[in-house]
Amino acid sequence: MNNKEGNNKGGGSRSNSSRPNSNKPKPAMQKRAQGPKKVKPAVKAAEEEAAQKLKKQNQAPKRQKAADEIRLNKYISNSGVCSRRDADIYIQSGNVKVNGVPVTEMGYLVKLNDVINFDGAILTPEKKEYILLNKPKNFTTALDEGQEYRNVLELVRGSTTAKIAPIGRMDKNTTGLLLFTNDTDMIRKFTLPSQKSSKIYQVSLDKNLKFEDLEKISKGLVLDGHRVFVEEVSYIEKEAKSEVGLKLRSSNVKVVRAIFEHFDYDVLRIDRVSFAGLTKKNLPRGNWRFLTDQEVINLKNV
């Protein structure tokens with residue numbers, strides 16, 4: 001018993017020096033790394049304003065625009081190739097040259113006599129104008145017929161300062177829609193034999209058109225060695241058989257006249273009632289109007 005007790009005592013008397021002392025003070029924890037202090041909005045705004053003032057002070061003063069100068073992007077826009085916003089993109093990309101030198105500066109000023117090369121093409125500063133006239137009789141597109149018949153340009157005088165010209169020709173007896181523009185690309189487009197836009201004419205003949213001749217015309221014919229394709233030909237409803245409607249792609253009125261003369265009819269009058277989707281609606285004889293932006297887009301896409 002005593003031995004056991006002695007053993008228990010011995011076991012109970014083991015030193016506690018190997019155990020950690022809970023009373024020992026712990027080391028202090030390290031502080032977390034802190035980011036930069038947030039700047040209050042009012043302070044930040046004041047700093048930005050001060051930076052802007054300093055930037056303006058360091059900038060060279062802008063040159064005043066002279067009376068004969070125009071911004072480069074406006075010059076490009078006036079030429080009709082694209083908008084001012086798109087012009088800025090072309091300028092920044094280095095696709096615009098002024099007098100042979102590439103220009104990438106926004107707000108660059110040019111003169112009207114400067115040579116502007118836009119993406120490889122030389123531009124003209126004139127804004128593109130498109131004017132539709134309902135031509136009356138006794139006016140002609142020719143410039144060499146003396147003083148007996150006046151020129152169609154008299155009818156649109158004062159509409160624009162641009163140097164416009166009619167698309168196609170019309171003699172004194174031809175009436176109806178005539179388009180004027182300074183857009184040389186559009187003039188070229190509508191005078192090419194391969195162009196695809198339709199024109200509608202009302203033709204007055206000296207006698208009734210025979211039905212068999214109408215059928216022959218509808219199938220097309222060859223004039224002076226050239227094939228003429230007729231989209232549609234018909235009698236005018238509630239009119240005499242001498243009043244005929246003709247739809248074809250040619251803007252040359254001489255072709256219209258030649259078709260009927262080929263079948264021994266005399267053409268008394270020709271009235272163009274539709275030109276590439278444009279009509280005489282709300283346009284009395286002798287009057288003119290500017291085309292809408294959408295009408296111009298439509299003409300460029302036909």
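Keep in mind that this is a model prediction, so the values were computed, not measured.
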Please determine whether residues [X] and [Y] belong to a single hydrophobic cluster, defined as Ile, Leu, Val, Met, Phe, Trp and Tyr linked transitively by side-chain heavy-atom distances below 4.5 Å.
X	Y	answer
Val253	Leu153	yes
Val203	Val273	no
Met170	Leu132	no
Val244	Leu268	no
Val152	Val256	yes

task: Apply side-chain contact (heavy atoms from CB on, under 4.5 Å) to the pair Thr175 and Ile270, showing each step before the final yes or no.
output: CA-CA 6 Å; Thr175 60; Ile270 299 175; over 6 Å; no
- request: Please check if any side-chain donor atom of Asp114 sits under 3.5 Å from a side-chain acceptor atom of Tyr75, or the reverse.
  value: no
- prompt: Would Arg285 and Asn134 count as having a side-chain donor-acceptor pair, cut-off 3.5 Å?
  reply: yes
field: Test side chain to side chain donor-acceptor pair (under 3.5 Å) applied to Gln195 and Ser197, step by step
entry: CA-CA 6 Å; Gln195 60 88 36; Ser197 64; 2.7 Å; yes
Heavy-atom closest contact ([X] atom, [Y] atom, distance):
X	Y	value
Glu129	Ala162	CG-CB, 4.0 Å
Leu209	Tyr235	O-OH, 2.6 Å
Ser159	Phe290	O-CZ, 3.2 Å
Val255	Leu223	O-CD1, 4.3 Å
Val233	Leu214	CG1-O, 3.5 Å
Ala142	Asn151	O-ND2, 3.0 Å

query: Ring centroid separation for Phe275 and Phe190, is it under 6.0 angstrom?
result: yes
query: Picking from Ile164, Asp183, Asp185, Thr184, what satisfies side chain to side chain contact (heavy atoms under 4.5 Å, CB included) with Lys128?
result: Asp183
Any heavy-atom pair between the side chains of [Y] and [X] that's under 4.5 Å?
X	Y	value
Lys247	Val230	no
Phe260	Asp213	no
Lys199	Glu231	no
Leu179	Leu299	yes
Asp171	Arg257	yes
Ile116	Asn99	no
Val115	Val98	no

Looking at [Y], is its backbone amide N or carbonyl O close enough to the side chain of [X] to form a donor-acceptor pair, meaning the two atoms are under 3.5 Å apart?
X	Y	result
Ser77	Lys74	no
Lys135	Leu155	no
Arg272	Ser251	yes
Arg150	Thr140	no
Asn301	Ile297	yes
Thr191	Ile187	yes

- request: Could you note down all residue pairs passing ring-ring contact (aromatic ring centres under 6.0 Å, His included) where residues 96-127 supplies at least one of them, sequence neighbours left out?
  value: Tyr90-Phe118
Measure the [atom1]-[atom2] distance between [X] and [Y] for me, rounded to the nearest 0.5 Å.
X	Y	atom1	atom2	result
Asp264	Asp206	CG	CG	10.0 Å
Ile167	Thr181	CD1	OG1	6.0 Å
Leu278	Leu178	CG	CG	11.5 Å
Lys216	Ile259	NZ	CD1	15.0 Å
Thr104	Asn95	OG1	CG	11.0 Å
Glu69	Lys111	CD	NZ	6.0 Å

query: Which side-chain hydrogen bond (donor to acceptor under 3.5 Å, both in side chains) pairs, counting each pair once, include a residue from residues 273-282, with sequence neighbours left out?
result: Asp271-Lys280
- prompt: Should Asp266 and Lys207 count as an ion pair when the cut-off is N to O under 4.0 Å?
  reply: no
- prompt: Would Glu295 and Lys300 pass as an ion pair if we require N to O under 4.0 Å?
  reply: no
Does atom [atom1] of [X] have more than 12 heavy-atom neighbours, drawn from other residues, nucleotides or ligands, at distances under 6.0 Å?
X	atom1	answer
Glu237	CD	no
Lys189	NZ	yes
Asn113	CG	yes

field: side-chain contact (heavy atoms from CB on, under 4.5 Å) between Lys97 and Val103, intermediate numbers included
entry: CA-CA 6 Å; Lys97 294 181 181 179; Val103 171; over 6 Å; no
- request: For residues 75-90, pull every pair meeting salt bridge (Lys or Arg N to Asp or Glu O under 4.0 Å), keeping only residues two or more places apart or in separate chains.
  value: none
query: Going through the checks in order, is the side-chain contact (heavy atoms from CB on, under 4.5 Å) test met by Val267 and Asn173?
result: CA-CA 10 Å; Val267 176; Asn173 289 325; over 6 Å; no
task: Take Val228 and Val222 through the side-chain contact (heavy atoms from CB on, under 4.5 Å) test and state the conclusion after the steps.
output: CA-CA 6 Å; Val228 178; Val222 177; over 6 Å; no
